2 protein chains.
Amino acid sequence: MKSVSPTIRDVAAMAGVSVATVSKYVNGTQRFTPAVEAKLKEAIERLGYRSNPLARSMITGRTRTIGVAVLDITNPHFTNVVKGANRVALQHDYTLLFVDTEENPARERSLIEALAPRVDGLLISSRISTEIGKWLLELGKPAVMLRRVPEVAIPSVGFDNRLATYMLVRHLLNLGHRRLAYLGFDAETINNERIEGARAALAEAGLALDVYDTHAPTAQGGEAACSRVMLGPKRPQAVICYNDLIALGFMKEAKTLGFSLPRDVSVAGIDNVPYGEYVEPRLTTIEGQSERMGEVAMQKLIDTLSGRTDIDNVMLEPRLVVRDSTAAASHG
Amino acid sequence: MKSVSPTIRDVAAMAGVSVATVSKYVNGTQRFTPAVEAKLKEAIERLGYRSNPLARSMITGRTRTIGVAVLDITNPHFTNVVKGANRVALQHDYTLLFVDTEENPARERSLIEALAPRVDGLLISSRISTEIGKWLLELGKPAVMLRRVPEVAIPSVGFDNRLATYMLVRHLLNLGHRRLAYLGFDAETINNERIEGARAALAEAGLALDVYDTHAPTAQGGEAACSRVMLGPKRPQAVICYNDLIALGFMKEAKTLGFSLPRDVSVAGIDNVPYGEYVEPRLTTIEGQSERMGEVAMQKLIDTLSGRTDIDNVMLEPRLVVRDSTAAASHG
DNA sequence: GTGAAAGCGCTAACAC
DNA sequence: GTGTTAGCGCTTTCAC
């Protein structure tokens with residue numbers, strides 16, 4: 001219960017050796033005579049000495065720690081990314097430190113700035129990836145972006161957003177739907193890719209897409225937007241949501257408004273968060289491979305840290321998961 | 001794109017002043033002559049200088065950072081705790097660093113050990129709170145436990161587990177149920193408190209509790225245990241789950257097994273995670289005040305860091321949230 | 001206002 | 001094997 005921790009010098013004094021010896025012993029850099037080793041062990045034990053990682057890092061320049069910045073720790077997609085990243089990090093004896101930027105670009109930067117010097121490398125998911133990417137570059141700290149940023153020389157792992165919505169539209173088209181809506185999240189750059197993919201598939205069938213927007217990529221966002229979509233002048237037969245959370249909220253509110261799902265409207269999301277399986281109707285979605293994304297990104301980062309330097313942009317492939325929230329269009 | 005960051009000395013050299021001056025300027029400790037200030041500003045700008053927090057922390061002994069260790073970042077209960085904690089930390093200009101111990105007591109200790117020296121204080125949720133608590137005490141690092149640990153001299157904020165299940169049982173009793181089961185998570189110390197609370201309420205009615213166990217406090221855990229509970233020799237009319245996640249998994253599997261909910265069985269959870277509102281039937285639960293727990297705990301920690309030292313154990317009160325997963329017992 | 005110097009706790013040559 | 005020494009990048013007295 002000492003208020004101030006013992007230092008390497010205290011140990012050295014107590015064991016009657018030099019600080020260098022203690023340092024080497026603590027780091028297992030060398031072998032020692034049994035006598036010295038015993039004294040060292042005893043002194044460390046009695047003093048309750050623990051080496052100060054800050055001081056060590058300052059010299060070695062390494063922390064054996066990796067920083068992960070996520071946009072919203074509440075979103076299962078991100079927690080799964082984290083799980084995947086954690087698994088790989090653990091295998092390589094790295095510790096993960098997380099920071100939640102809370103969808104706030106202003107804080108984002110300062111949080112990453114605070115995190116960066118304390119870690120060996122960074123895994124970053126950001127709304128402003130390109131900007132952050134450039135800034136990271138001049139920071140000179142190894143990083144991997146959790147989103148494709150081909151325009152910056154930083155490795156990244158992303159997801160084929162165009163293909164995801166393209167597939168979703170094709171699926172809905174096959175079910176006989178003609179009036180499709182997209183409920184997006186405008187503040188996000190990949191939102192446009194998702195719209196493009198949907199439009200491309202629709203264009204092939206000579207159809208157009210109605211685009212709506214939510215204020216947040218969350219269930220609350222989906223709830224809030226539902227009545228506008230479903231009770232507006234262009235009620236869709238099917239709606240594709242920016243992500244599963246929005247879809248979950250949308251479905252809940254649609255039911256509250258008296259609609260029967262999927263009879264009155266088909267709904268699909270993207271990410272395949274675990275909870276999509278527990279709602280009714282079970283959510284049709286695109287498997288976003290969140291955990292895999294975390295794994296791949298972490299592996300890339302560790303490779304970079306180990307000297308390998310192949311700056312490429314991995315693209316994870318989407319896979320359609322059909323469940324009960326999408327059904328054949330009713331006649332009329 | 002320099003590989004090595006500029007130091008305070010580079011700035012001093014470039015601006016033609018001493019390092020002490022730069023330090024004071026960077027920390028806003030003092031006022032300067034406009035001439036010096038301008039030179040400083042320019043040098044810092046051109047060099048892209050950022051002060052190294054490691055070096056600073058080593059001297060000041062403070063990091064302006066708080067470490068939070070959670071058991072499972074995938075569990076919405078914990079992410080909400082984190083949200084609450086983050087909110088008040090932000091107000092006081094503290095940055096949060098998280099670590100996910102992944103329900104693994106062995107890693108728990110080493111992760112916290114790695115985290116502790118890099119932060120000013122700790123917020124810890126652990127399966128082995130008492131043990132960790134004692135250890136924390138001799139570490140001398142301010143900490144607050146996210147669970148009541150009255151037996152250790154560490155502030156903590158917890159939740160009235162006995163009252164929670166007591167209330168749940170009373171609710172179920174009022175609905176006419178007589179055969180109640182509890183689906184718990186044995187590895188958790190508070191599991192016993194929850195069993196006690198349920199038993200106390202049941203005893204008043206001259207009834208007994210059937211206790212089952214899951215291998216994990218997750219939806220998968222609930223799913224896996226469901227058939228054992230529902231198709232065993234003592235099929236219950238109502239089951240209380242250790243937490244909402246288990247309840248969600250249990251409900252899903254019960255439906256798969258052909259049961260109609262809540263007609264065939266009433267189900268209740270604890271925590272009030274957001275997704276309980278999106279499933280069908282909507283989950284009856286106990287509001288666990290996760291966010292509030294995070295807020296209170298962080299406030300306590302910050303108070304401690306500011307010199308206040310009232311080591312008490314806050315107990316948050318449970319509140320019953322009745323939804324559709326609990327209904328009147330059917331005759332028979 | 002500004003600077004010189006000591007040193008935070010530790011590691012890494014290098015010498016013995 | 002073990003000790004000496006010179007810092008890592010920064011803050012902090014204490015002079016001027």
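By convention in this document, chain letters (A, B, ...) are assigned in the order of the sequence lines, proteins followed by strands, and residues within each chain are numbered from 1. If you're wondering where the values come from, they're calculated on a predicted model, not measured in any experiment.
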J.: Between atom CD1 in Ile59(A) and atom P in dA12(C), what is the gap in whole Å?
T.: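 Rounding to the nearest Å, CD1 of Ile59(A) and P of dA12(C) are 7 Å apart.
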J.: Would you kindly give the CD1-to-P distance between Ile8(B) and dG3(C), to the nearest whole Å?
T.: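 Result: 12 Å.
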J.: Can you tell me the distance, in whole Å, between the CG atom of Asp10(A) and the P atom of dG9(C)?
T.: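 Checked: the CG to P distance equals 9 Å.
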J.: Regarding Val22(B), tell me which of base, sugar-phosphate or nothing describes its non-hydrogen contacts under 4.0 Å with the strands shown.
T.: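 Answer is nothing: Val22(B) stays at 4.0 Å or more from every strand.
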J.: For a quick check of understanding: with a heavy-atom distance under 4.0 Å over all strands, which category does Val26(B) fall into, base, sugar-phosphate or nothing?
T.: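 Since no nucleic acid heavy atom lies under 4.0 Å of Val26(B), the category is nothing.
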J.: Nearest-Å distance, NZ (Lys24(A)) to C1' (dA12(C))?
T.: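 My rounded result for the distance is 8 Å.
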J.: Just how far, in rounded Å, is C1' of dC10(C) from CZ of Arg50(A)?
T.: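 For the pair Arg50(A) CZ and dC10(C) C1', the rounded distance is 16 Å.
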J.: Given side chains that start at C-beta, do those of Ile302(A) and Ile66(A) come closer than 4.5 Å, heavy atoms only?
T.: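 Contact flag for Ile302(A)/Ile66(A) side chains = yes.
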J.: For Thr33(B) and Ala55(B), find the nucleotide of DNA chain C closest to each by heavy atoms; which residue's nucleotide sits nearer the 5' end?
T.: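 Its nearest nucleotide lies further toward 5', so the answer is Thr33(B).
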J.: Respond yes when some side-chain nitrogen or oxygen of Tyr49(B) is under 4.0 Å from OP1 or OP2 of dC10(D), and no when none is.
T.: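 Yes, within the criterion.
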J.: What's the CZ-P distance between Arg62(B) and dT11(D), to the nearest Å?
T.: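 One finds 11 Å between P of dT11(D) and CZ of Arg62(B), rounded.
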J.: Flag yes if more than 12 heavy atoms outside Arg292(A) fall under 6.0 Å of its CZ atom; otherwise flag no.
T.: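 Not buried by this count: 12 neighbours or fewer within 6.0 Å.
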J.: When you match Arg9(A) and Thr29(A) each to their closest nucleotide on DNA chain C, which lands nearer the 5' end?
T.: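 Comparing both residues, the 5'-ward one is Arg9(A).
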J.: OP1 or OP2 of dG9(C) less than 4.0 angstrom from a side-chain nitrogen or oxygen of Thr7(A), does that happen here?
T.: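 No, no such contact exists.
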J.: Tell me: CG of Leu54(A) to P of dT11(D), nearest whole Å?
T.: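 Between P of dT11(D) and CG of Leu54(A): 13 Å.
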J.: Do Arg46(A) and Asp10(A) sit within salt-bridge range, that is, some charged N less than 4.0 Å from a carboxylate O?
T.: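 No salt bridge links Arg46(A) with Asp10(A).
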J.: Indicate whether any N or O donor in one side chain lies under 3.5 Å from an N or O acceptor in the other, for Ser129(B) and Ser126(B).
T.: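 No donor-acceptor contact under 3.5 Å links the two side chains.
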J.: Measure from the side chain of Val19(A), starting at C-beta and using heavy atoms only, and say which of dG3(D), dT2(D), dT11(C) lies closest.
T.: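 So the nucleotide nearest the side chain must be dT11(C).
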J.: Name the closest nucleotide to the Thr21(B) side chain, picking from dG9(C), dG3(C), dT11(D).
T.: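 That would be dG3(C).
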J.: For Glu102(B), is there an ion pair with Lys83(A) - N to carboxylate O distance below 4.0 angstrom?
T.: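 So Lys83(A) pairs with Glu102(B) through a salt bridge.
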J.: To the nearest Å, how far apart are Met58(B) CE and dT12(D) P?
T.: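 It is 13 Å, rounded to the nearest whole Å.
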J.: Tell me which nucleotide among dT2(D), dG1(C), dC10(C) gets nearest to the side chain of Gln30(B).
T.: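 Per side-chain heavy atoms of Gln30(B), the pick is dG1(C).
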J.: For Ser23(B) and Glu37(A), take the nucleotide of DNA chain D holding the closest heavy atom to each; which residue's nucleotide lies nearer the 5' end?
T.: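 Whichever sits nearer the 5' end wins; that is Glu37(A).
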